[in-house]
Amino acid sequence: MTNCDKYRNINKEDSYLDEIDSSIIFGLIDINRSDNMFKIESKAFLPADVIKNGNQFLIANGYMGYRGTLEEYTKDEMVGLNLAGIYNQPPRQLDPWRESVNVYNPLYTFIKINERILHPTHVQPSSHIQILDMYKGTHYRKTSYRFGRTDVMIQSERFTSQIDKDIICMKYQFMATDDIEMELYTGIDTYVFDLNGPHLERYHFMDTEGIFSADANTTENRIPIAVSEGIIHDIGVEAKALLYNNQPMHWVHFHAVPNKVYTLYKFASVQHSKTNCVAESIASVKRAMAKSYEVLYKENCAFWEQRWKISDIEIKGDENAQLAIRNCIYHLISVRPYADHQSIPTRGLSGQGCKGSVNWDTDIFMLPFFLNTDIESARRIIMYRALTLEGAKRKAAKYGYTGAFYAWESQDTGDEACSDYNITDALTKAPIRTYFNQKQIHISADVVYAFNQYIDTTGDLTVLEEGGLETVIECARFYQSFVTWKPDLKIFVVNDVIGPDEYHEGVNNNAFTNYMIRNTFTIMFKFIKMMREYNSEFVRNLIARKGYTEEITKMHVVERELFQQIPNDQGIIEQFDGYHELEDVSLDTMVARIDNPSEYLGGKFGKASPTKIIKKADVIALMALFPDEFTRRIKEANWNYYEPKAEKGSSLSDAFHAIVGSEIGKLDEAYEYFIRSATVDITGKEKNYNGSIYVGGTHPGANGGSYTALVYGFAGLKREGLYLKAETRLPKTFNEIKFKCIHRGRIAHVSVKNNGAKVTWEKK
């Protein structure tokens with residue numbers, strides 16, 4: 001049984017309703033869709049799962065993300081309404097630790113009975129269920145409590161609008177089986193959960209004809225933010241406005257009619273970065289209320305239905321894999337960039353983990369999904385890098401280099417958000433100096449790799465005119481200034497870096513990094529040639545205006561003479577200079593040395609650092625990104641050598657192993673890596689802490705990597721000019737994979753079975 005099995009799906013024959021007392025008469029809101037492979041379900045309330053469920057049941061629309069918490073939850077349960085592209089550094093912080101901003105919670109709702117709030121950590125529920133309907137992008141919950149002979153039931157559904165990005169809607173219902181006195185509170189929770197806050201100041205509250213608004217500014221750049229909410233209910237008693245713990249709340253006190261279902265609709269708007277945020281949010285709430293909940297809900301479902309038509313992957317024969325890949329696709333659609341200046345953070349919109357920053361996860365792992373299904377979002381991912389070029393140039397200059405050194409943790413301006421001390425010792429809580437921001441130089445090459453993927457897939461050269469070509473050239477300039485000439489060996493070397501395997505710092509000639517640097521020069525020359533044929537005047541003016549001519553000429557030498565790790569007699573590519581001299585211990589031996597499960601294994605004193613145990617297999621990653629440049633024999637040799645040494649400390653590593661494993665016929669192992677990656681946001685088993693620093697949240701990088709492993713690994717999809725081809729490498733549990741793919745403006749239908757593969761094209 002896999003980890004997915006306990007998150008079973010529901011249908012009419014297998015329903016949670018069977019587990020609830022038969023006297024409770026209302027059913028779950030609109031959840032009986034026949035296809036049970038689009039739902040994630042949790043059937044019990046476990047306090048230990050509160051944080052995991054917040055990630056697992058996330059709803060988002062690219063503009064904002066609302067964690068999968070219950071309506072009565074507060075910051076104690078990590079409620080988060082996280083905004084895309086809004087960052088702040090609290091004034092008390094000496095170290096530059098900026099993070100994304102959580103804002104006030106407009107869905108805050110609870111019921112009081114006998115002066116007790118119905119909150120599952122305070123009052124034990126008699127039953128509880130949470131469901132994420134991924135087909136509709138909607139979160140559901142149903143919780144029942146027993147007071148003597150009286151059962152009280154609460155159920156709700158909510159969604160972030162995919163049409164009106166600032167809108168989030170909720171339908172909240174409750175009932176009691178006997179006459180009982182109830183109090184309903186609903187309003188805006190202004191106590192915000194922050195990892196490193198507070199981020200909001202100058203809080204102000206308004207009541208405009210029953211629509212509540214709370215507005216504030218961020219502390220650093222004074223970005224205005226407003227949250228407004230309005231309600232419609234059928235309780236029959238007028239709601240009064242009051243302050244509850246200094247929070248604006250609507251309050252209704254009444255006697256419940258036995259078995260009568262009461263309904264509350266909430267419409268909320270979140271606005272930011274405008275001079276009239278409050279007025280805009282109030283007007284948006286009014287429009288939503290006038291439109292009605294039912295219309296908004298149907299519009300939202302229609303969006304998801306259309307998006308699933310192009311994005312879905314059908315897997316026949318393996319229900320666990322089917323559910324898992326749809327969960328990955330759901331999360332990727334949910335966090336797609338909503339504007340041209342946006343990209344996708346490492347933890348999506350699930351909160352402030354990893355500072356809400358953009359990393360190589362987006363360029364390397366997520367981009368392939370959007371290239372196949374959503375070109376507009378793919379273009380935004382690419383253009384985010386061009387639009388933040390100045391931040392990358394500032395970082396390069398800070399360390400004494402020219403060109404563009406892209407941030408390891410990039411935010412709104414592209415400047416480096418990764419601090420020198422972003423990990424703490426799990427035992428002593430003392431800060432640990434890391435060098436991710438200074439030595440992970442492969443990030444600029446990852447950006448260039450992504451540009452190349454976009455151009456090869458779409459043929460859209462306008463991105464190069466709109467800053468892309470300059471971005472690629474500036475990345476090449478950075479590497480030209482970084483490499484060191486060794487006259488005795490007549491080669492350029494790359495010293496003192498960190499590859500994807502972050503456990504080993506300050507290494508020389510990391511195989512992945514050196515290869516990606518050379519690829520950067522190759523792509524730059526390719527793009528210059530393409531653009532000279534497409535718009536020669538543009539290229540000529542750019543090179544002349546920026547004074548690139550002499551540097552570009554010298555780059556040919558760097559490309560040709562840059563040192564590359566080559567296979568030894570056994571076919572092994574050394575991960576970096578001196579790797580073979582490290583202590584050769586088994587993974588079990590290294591794990592036995594760990595003193596605390598949350599301790600950091602890399603850096604100066606990490607348990608993995610003096611050994612060959614690695615966080616990510618850099619050489620396997622290289623072969624996954626350049627599948628046609630290594631023979632099967634070389635891939636097999638390096639898989640056999642590095643796979644046992646991978647500690648699996650990163651959700652990103654699994655996808656690379658799944659891709660290469662599928663290429664060399666290790667399908668059982670590849671499947672295990674794939675399913676581990678694809679279920680990371682279902683099981684919640686990924687590491688949530690680096691030392692004592694919380695880095696948890698959703699994992700869109702792993703989601704994208706799982707998609708890539710399925711499409712380019714098991715289905716063997718390849719792009720060859722204007723054409724696509726596929727080949728079968730299916731795991732034994734798969735009978736067929738079916739999906740659609742956009743290529744050069746056309747939509748292909750791909751079907752891969754055990755006896756062959758087929759690609760057909762939709763008519764234009």
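The analysis underlying the following values was restricted to heavy atoms, covering all of them including side chains, and did not include hydrogens, waters or symmetry mates. Counting from 1, the numbers follow the sequence of the chain as shown.
- Taking 4.0 Å as the cut-off between side-chain N and carboxylate O, Arg67 and Glu77 do not count as a salt-bridged pair.
- For Lys286, the side chain to side chain contact (heavy atoms under 4.5 Å, CB included) partners two or more places apart in sequence, or in a different chain, are Glu209, Ile211, Ile282.
- Between the side chains of Gln173 and Thr263, at least one donor N or O sits under 3.5 Å from an acceptor N or O.
- Salt bridge Lys136/Glu305: absent, no basic N to carboxylate O contact under 4.0 Å.
- The existence of a salt bridge linking Arg336 and Glu376 is excluded, since no basic side-chain nitrogen approaches an acidic carboxylate oxygen closer than 4.0 Å.
- The closest side-chain heavy-atom distance from Ile188 to Phe205 is not below 4.5 Å.
- Shown here is Lys738, whose NZ atom has no more than 12 heavy atoms of other residues, nucleotides or ligands within 6.0 Å.
- Proximity of the aromatic rings of His199 and Tyr87 is defined here by a centroid distance below 6.0 angstrom, and this criterion is not met.
- Side-chain contact check for Arg141 and Gln155: no donor-acceptor pair (N or O, by modelled atom type) lies under 3.5 Å.
- Between Leu184 and Ile235, some side-chain heavy-atom pair lies under the 4.5 Å cut-off.
- Heavy-atom neighbours of Glu294 CD from other residues, nucleotides or ligands within 6.0 Å: above the threshold of 12.
- In this structure, Lys112 fails the cation-pi test against Phe110, since its NZ or CZ atom is not both closer than 6.0 Å to the six-membered ring centre and inside 45 degrees of the ring normal.
- Checked against the 6.0 Å centroid threshold, Tyr104 and Tyr203 count as a close aromatic pair.
- Counted by atom type alone, Thr150 and Thr177 present zero donor-acceptor pairs between their side chains at under 3.5 Å.
- Between the side chains of Thr186 and His250, no donor-acceptor pair is found at a separation under 3.5 Å.
- Using a 3.5 Å distance cut-off with no hydrogens or angles, the side chains of Asn359 and Thr346 do not pair a donor with an acceptor.
- Partner of Arg326 under the salt bridge (charged side-chain N to carboxylate O under 4.0 Å, His left out) criterion, chosen from Asp133, Asp312, Asp681: Asp312.
- Side-chain rings of His749 and Phe739 stay apart, their centers remaining 6.0 Å or farther from each other.
- No side-chain heavy atom of Tyr108 sits under 4.5 Å from any side-chain heavy atom of Tyr185.
- For Asn246, the side chain to side chain contact (heavy atoms under 4.5 Å, CB included) test picks out Tyr191, with sequence neighbours left out.
- One finds no salt bridge joining Glu157 and Lys171 here, because no Lys/Arg side-chain nitrogen approaches an Asp/Glu carboxylate oxygen to under 4.0 Å.
- Taking the six-membered ring where the residue is Trp, the centroids of Tyr330 and Trp308 are separated by 6.0 Å or more.
- Taking 4.5 Å as the limit, some side-chain heavy atom of Ile129 sits within range of a side-chain heavy atom of Glu41.
- Between Gln56 and Asp49, every side-chain heavy-atom pair lies at or beyond the 4.5 Å cut-off.
- Interatomic distance, Leu200 CG to Ile225 CD1, rounded to the nearest 0.5 Å: 5.5 Å.
- Less than 6.0 angstrom separates the ring centroid of Tyr262 from the ring centroid of Phe254.
- Counting only distance, with no hydrogens or angles, the side chain of Asn88 and the backbone of Glu220 share a donor-acceptor pair below 3.5 Å.
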